[in-house]
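Atoms considered below: every heavy atom in the structure, side chains included; atoms not considered: hydrogens, waters and symmetry mates. Letters A, B, ... mirror the listed sequences (proteins, then strands); counts begin at 1.
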Amino acid sequence: MDLSMMNKEQKEAIVTTEGPLIVMAGAGSGKTRVLTHRIAYLLEEKDIPSYNILAITFTNKAAKEMRERVDMLIKEDTSHMWISTFHAMCVRILRRDIDKIGYDRSFSILDTTDQLSVVRDVLKKRNIDVKRYPPRQFLNYISNNKNELITVKEARDLTTTYIDELMANVYHDYQEMLFKNSALDFDDLIMLTIELFEKHKDVLSYYQNKFQYIHVDEYQDTNHAQYKLVKMLAEQFRNICVVGDSDQSIYKFRGADISNILNFEEDYKDAKVVMLEENYRSREIILDAANKVIENNTERKPKILRTSRGRGEKIMMINADNEREEGTEIVSQMQKLNQEGFKYRDMAVLYRANSQSRAIEDALVKSSMPYNMVGGMKFYQRAEIKDLMSYMKVVLNPFDDIAMVRIINTPKRGIGVKTIETLENHAVTLGTSIYDAMKEADFIGIPKGTANKLAVLLSTIDKLKDKAKYMSVTELVDEILHDTGYLEMLIRENTLESTSRIENLEEFKTVTKEFDEANEISDDLLFDFLSDMALVSDQDNIDSEDRVTLMTIHASKGLEFKVVFLVGLEDGLFPSSRSMDTDEEMEEERRLMYVALTRAEDRLILSRAKLRTIYGRTNYTQESTFLKEIPEELLEYNSPFKREMKSGSKRRATRTYTNNEGVSFKVGDKVTHPKFGDGLITQVKGSGDSEELDIIFQAVGPKRLLANFAPIKKKD
DNA sequence: GCCCGTTACGTTTTT
DNA sequence: CGTAACGGGC
Ligand SMILES: Nc1ncnc2c1ncn2[C@@H]1O[C@H](COP(=O)(O)OP(=O)(O)OP(=O)(O)O)[C@@H](O)[C@H]1O
C-alpha cells in the first residue's frame, strides 16, 4: 500500500498494528485519516479479515464516511467490518442476546421526550411535586449514574441526603418501568451491553475473539461506560488503537471524561504514543488564532501544531447592530466569496445554540440562497410522526405500554384517562401489559361501549402485526395510517394544521422508502427501522449539493470547510451564560471555540450582534471573552457603512406591496384569489401587517395568508 | 371524555 | 417568543 502521502509519525501509527496505540494530536493533524489508512493497511497488507475489525466513530455519518474512504483506498471487501457509533454497535449486540438478561429482543429505544414522560409518570405515582423537583433533574441524575455504571442498587446504597434518596427512588421506578416495557434509553444501550458481557462470559468472549483489531475515534469524548466497554472488548487481543485530542473534548455534559486518556496509558503500560504536530487543514492565521485561544486554558498539556499551508487572509470580524443584520451581512459575504470562486457547499455557518439558526435562515431565504440545516431534530418530534412511530412500536412489540398509551386514544376513540388508569391497574395486578389487560376489558368494570372500542383496536393491532411479517416498512405505514383511521381523521379535519400533517407523513414515507430500498423484508425489518430512527439523527443530511451548511459547533466536530462563519460571539451566548460561573465549564466552552475555529481551511468570518433578542426581550450584548483572546493583528473589521443604507431602503420598499390596507376581514367572509380561486375565511388572527387569515379554498384546500399582503379580494 | 384558553417556563450542546 | 402542562366549561 502506498503510504508516501503520509508523514513519518502518521506512517508509524498506521503500521503499528499490534498492541495498544494512542494517537494524541491537535486539530486537522490527520488523526481520522490515520485511522482510515490503518484499517486499509490491516485489510490489504496484513490480510486481516474485515470480520475481525471494529471501528468506533462519534456519529453515524462519520461511520458511513469512514467506510466509504476505506473502500476507495482498497479493493478488499469491507462489508463484514463493524464501523459504527458506540450506540449502534450496542444495539446490534443486544439485538442478538438481550433476552439473556430478561429484556425482549424487540426492545424499543426511548428519546428524551419519552424519557421525560416516564419520569413524570413516576413522580406522579410517588406524589412528588413537579414544581419543586423538575423532571429534567431526575433525568440528568439517572443519566450520570448510568454513564458511571452505577446501578439502582448501588445508587440507593450511596444515598446520604433526603434528595439523594428521592433521586435514587425515582431512578429505581424509572428503571423498573423501562424494564417492564423492554424499553432502553441511550445510556442503557451501553450499560446493559456491559451487564450482558459480565453475566454471560460466552457472549463476551465471542466478541473478544471477533474484534481482534479495535479502533476508537474522538477518544477524548468517551464516557466511563464506553471506556469500560472498550477495555472489556480489547482484553483478549490488546490490539487497540485510540485517537483523539484533549483540547477538543466538548461533551462533558454527556459524561465525557478526559481522564480516559490518562487511564489508557495506565491500563496499557506498553502503549505506544504517537504525536502529530503538522496541521494539513488550516491557514497559518487561522491556526495561530486557535492556538492562542486554547492557550488560555490552564488545565492542559501544551502541544505543538504548525501548518505549511501558507499564511492566508486575515480573519474578518463583523459587528452587526442586531441579529437580523448579522444574518444579511453574512449572506452578502457569502455571495462575495462565491464570486471569488468559493462554492456554497464549501461554506458553513456555525453557532453555539440551535436557536441562533433562525435569523440566519431568514436571511438566506430572503436572498434565495441554497442551504441545508443539520440537526434541529424538529421533524421527528412532530406529533404525527411520533404517533406513527408509536403505532409501529406497538406492532413490533404490543407489550410496549409507553407506546401503547400514546396511541390508545389517537385518533380519538373515546378511551380516556379513566379507562387507561383501569387498564394500567389491571396490568399491574396481572403482572403484564396494557395490551393483555385490554383483552379482559369486559370484566374489569370498563363500560360496554368502551370495551368494544378496545376490542376493535386490539384486532386492528393483531392484524397489523400479521401484515408486518410480509410487508415493507412503507407498505406497513400505509396500512397503519389506513387501518387505524389516523389518515381519515386528518383528511376530515381539513385544516391548515391537518394538511401540513399529511404532508409530513408523506415526507416520512420518503425516509421509509429509502430504508426499504436498502433492506430486504425479514423478521428484523421493523426493529431495524425503528432503531435506525432512534440512532440516526438527521445529521446524515449533509449532501453533495451546492448549498451552505448550517449547524451547531458540536455537530461540526471532525468536519472541515473552506469557509467558516462563526456567529453570535457574545458573552452569555458563546460562552453560554450557564458556563461562565466556573473555570472548568469555561474551559470546556473555550475548547468549543477551538473546535469552531479549526474547522476552517481558508477563510474565517466571525460575527456578533450588538443587540440580541432572546425570549422576545432585546438586550445589549458584550463582545465574547474568546474574541478578545484572538490577537488583534489577525483580525480585520469590515466597514459598517454600506449596511445602514441597505436596510434603510428595504424598509420603504416593503410598504409598496400592501394590497388590502384598511380592508377588514372577518370569519365567514367569502374571498377570491387569482391563483387559489374562491374561498371562505375560517379564522382571523393578529392585527395590522401581521393579521393572518385562514382560508379554505374550494380548489386547493386550506391556506394561511397575510391579510394586508395577499392578493385576495372580498366577495359579497 | 373533549376542547380550548391560560399560565408558567425555558435554551446550551446530542448519541 | 413558543411550547406544554393544567383547569374550567361543555
Ligand atoms: N499527510 C497528509 N498529507 C496531506 N493532507 C493530509 C495529510 N494528513 C491529513 N491530511 C488532510 O488534513 C485534513 C485533516 O485531516 P483529519 O480530518 O484526518 O484530521 P483530524 O486530526 O482527524 O482532525 P480533527 O481533530 O479536527 O477531527 C484532511 O483534509 C486530510 O485529508
Minimum-distance nucleotide (side-chain atoms of A:Glu589 versus B:dC2, B:dT11, B:dT12): B:dT12
Nearest-nucleotide check on DNA chain B, A:Ala353 vs A:Thr419; residue mapping nearer the 5' end is A:Thr419
Ion pair check, A:Lys610 and A:Glu570, cut-off under 4.0 Å: no
Does A:Asn354 have a side-chain nitrogen or oxygen under 4.0 Å from the phosphate oxygens OP1 or OP2 of B:dT13? yes
Between A:His87 and A:Leu573, who's closer to the 5' end of DNA chain B by nearest nucleotide? A:Leu573
Does A:Arg95 make a cation-pi contact with A:Phe527 (under 6.0 Å, within 45 degrees of the axis)? yes
Per atom distances to the A:Tyr251 side chain, the nearest of B:dC3, B:dT12, B:dT14 is B:dT14
Contact under 4.0 Å: A:Arg254 side-chain N or O vs B:dT13 OP1/OP2: no
Counting only Watson-Crick or G-U wobble pairs whose two distances fall under 3.5 Å, which nucleotide matches C:dG8? B:dC3
C:dA4 to B:dT13 separation - C1' atoms, rounded to the nearest Å: 22 Å
Phosphate OP1/OP2 of C:dC1: any A:Thr613 side-chain N/O under 4.0 Å: no
Starting the side chain at C-beta, find the nucleotide from B:dT11, B:dC3, B:dT14 nearest to A:Ala555. B:dT14
Across all chains, not counting sequence neighbours, the ring pair (Phe, Tyr, Trp, His ring centres under 6.0 Å) partners of A:Phe138 are none
Nearest-neighbour nucleotide for the A:Asn409 side chain, B:dG10, B:dC2, B:dT14 considered: B:dC2
Rounded to whole angstrom units, what separation is found between the CZ atom of A:Arg136 and the C1' atom of B:dT13? 11 Å
From B:dC2, B:dT15, B:dG1, pick the nucleotide closest to the side chain of A:Lys418? B:dG1
Would you say the base of B:dT14 stacks on A:Phe253 (centre-to-centre below 5.5 Å, plane angle below 30°)? no
A:Tyr615 has a side chain; which of B:dG10, B:dT14, B:dT12 sits nearest to it? B:dG10
Nearest to the side chain of A:Thr552, which nucleotide is it out of B:dT14, B:dC3, C:dC1? B:dT14
Students often mix this up, so state it plainly: with edges at 30° and 60°, are the rings of A:Tyr207 and A:Phe211 parallel, tilted or perpendicular? parallel
For atom CZ of A:Arg324 and atom P of C:dC1, their distance in whole Å: 14 Å
Within the pair A:Arg578 and B:dT12, is there a side-chain N or O less than 4.0 Å away from OP1 or OP2? yes
Check A:Glu584, A:Glu587, A:Glu589 against A:Lys252 for a salt bridge (charged side-chain N to carboxylate O under 4.0 Å, His left out) and give me the one that passes. A:Glu584
